[in-house]
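The next block holds one structure in the form of structure tokens; read it before the comments.
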Amino acid sequence: MPTPPQDRSSDPPPEGAVPPPQGDLPEPEPPGTEAGPGPDAATGPAGAEDEYTAALKEVEDRWRRALADLDNLRKRHARELDRERGAERARTAAAFLPVVDNLELALSHAASDSGAIVEGVRAVRDQAVSVLERLGYERHAETGVPFDPSRHEVVGVVQDPDAEPNTVTQVLRPGYGAAERQLRPAAVTVAKRE
């Protein structure tokens with residue numbers, strides 16, 4: 001038969017043990033009663049959801065602003081690029097204006113002396129080549145040099161006993177520029193191997 005529980009409140013505490021506090025602690029509330037909202041009520045489930053929604057809206061707002069800034073940057077860059085292209089075209093056209101002026105001058109003197117025309121056209125050509133060189137496109141029209149596929153375009157192969165094989169024998173159209181800044185390669189004929 002089981003023994004009924006005994007009241008041990010009158011038993012002395014064991015030696016060296018700290019006695020329990022008497023009356024210092026507040027009485028716990030019964031489980032069915034609820035107090036009003038305390039200081040931690042805002043961080044409850046509903047409060048955490050509100051904070052999450054606010055943070056999400058803030059991040060979404062920052063994301064939209066970043067997209068708008070990126071789109072504005074792209075548009076501004078496109079405008080600046082168009083402006084630079086226009087300015088470069090204008091500088092190039094301005095560099096060629098004296099060439100056009102000299103061609104018109106040569107044509108106006110065409111009836112007077114044909115020898116002067118040839119000299120005038122040669123001077124205009126030299127002026128145009130000088131403009132291209134100032135723009136960074138040096139003329140190359142050398143003969144007797146080894147064939148270089150990056151600078152020359154073969155338009156014919158000839159048998160020339162005086163020339164080394166695979167060398168340029170004639171330049172039909174000069175090339176302008178070099179390496180990655182080449183306007184066009186020189187059109188050449190090359191001596192073939194015998």
All heavy atoms of Arg181 vs all of Leu135, minimum pair found to be NH2-O, 3.1 Å

For Val157 and Val154, the nearest pair of non-hydrogen atoms, with its separation, is CG2-CG1, 4.1 Å

The complete set of side chain to side chain donor-acceptor pair (under 3.5 Å) pairs with one or both residues in residues 77-90, sequence neighbours excluded, reads Glu88-Arg91

Here the gap from Asn102 atom CG to Arg125 atom CZ, rounded to the nearest 0.5 Å, amounts to 14.0 Å

- Item | Contact check, side chains of Arg122 and Val118, non-hydrogen atoms, under 4.5 Å | yes

Between Thr143 and Gln170, the two heavy atoms sitting closest are CG2-CA, 4.0 Å

Item to check | In one Ile/Leu/Val/Met/Phe/Trp/Tyr side-chain cluster, 4.5 Å: Val129, Phe96 | outcome: yes

Q.
Given 3.5 Å as the limit, does a donor-acceptor pair link the side chain of Thr167 with the main chain of Ala163, or not?
A. no

Scanning both residues in full, the closest heavy-atom pair of Thr169 with Val190 reads OG1-N, 4.1 Å

TODO: Report yes if the side chains of Val155 and Val188 come closer than 4.5 Å at any heavy-atom pair, otherwise no.
DONE: no

* To do: Quick one: do Arg173 and Glu153 satisfy salt bridge (Lys or Arg N to Asp or Glu O under 4.0 Å)? Show the steps, please.
  => CA-CA 10 Å; Arg173 185 188 70 216; Glu153 177 185 351; 3.3 Å; yes

query: Is Thr189 reaching over with its side chain to a backbone N or O of Gly156, donor-acceptor style, under 3.5 angstrom?
result: no

Closest non-hydrogen contact found for Tyr137 with Tyr176 is O-CD2, 3.8 Å

Report whether Phe147 and Val158 are members of the same hydrophobic cluster (ILVMFWY, side-chain heavy atoms less than 4.5 Å apart, transitive linking).
-> no

Residues pairing under salt bridge (charged side-chain N to carboxylate O under 4.0 Å, His left out) where one sits in residues 126-144, two or more places apart or in two chains, turn out to be Glu142-Arg151

Note to self: Contact between His140 and Pro174 at the side-chain level, heavy atoms closer than 4.5 Å - yes or no?
What the structure shows: no

Here the salt bridge (charged side-chain N to carboxylate O under 4.0 Å, His left out) pairs for residues 55-66, sequence neighbours left out, are Glu58-Arg62, Glu60-Arg64, Asp61-Arg65

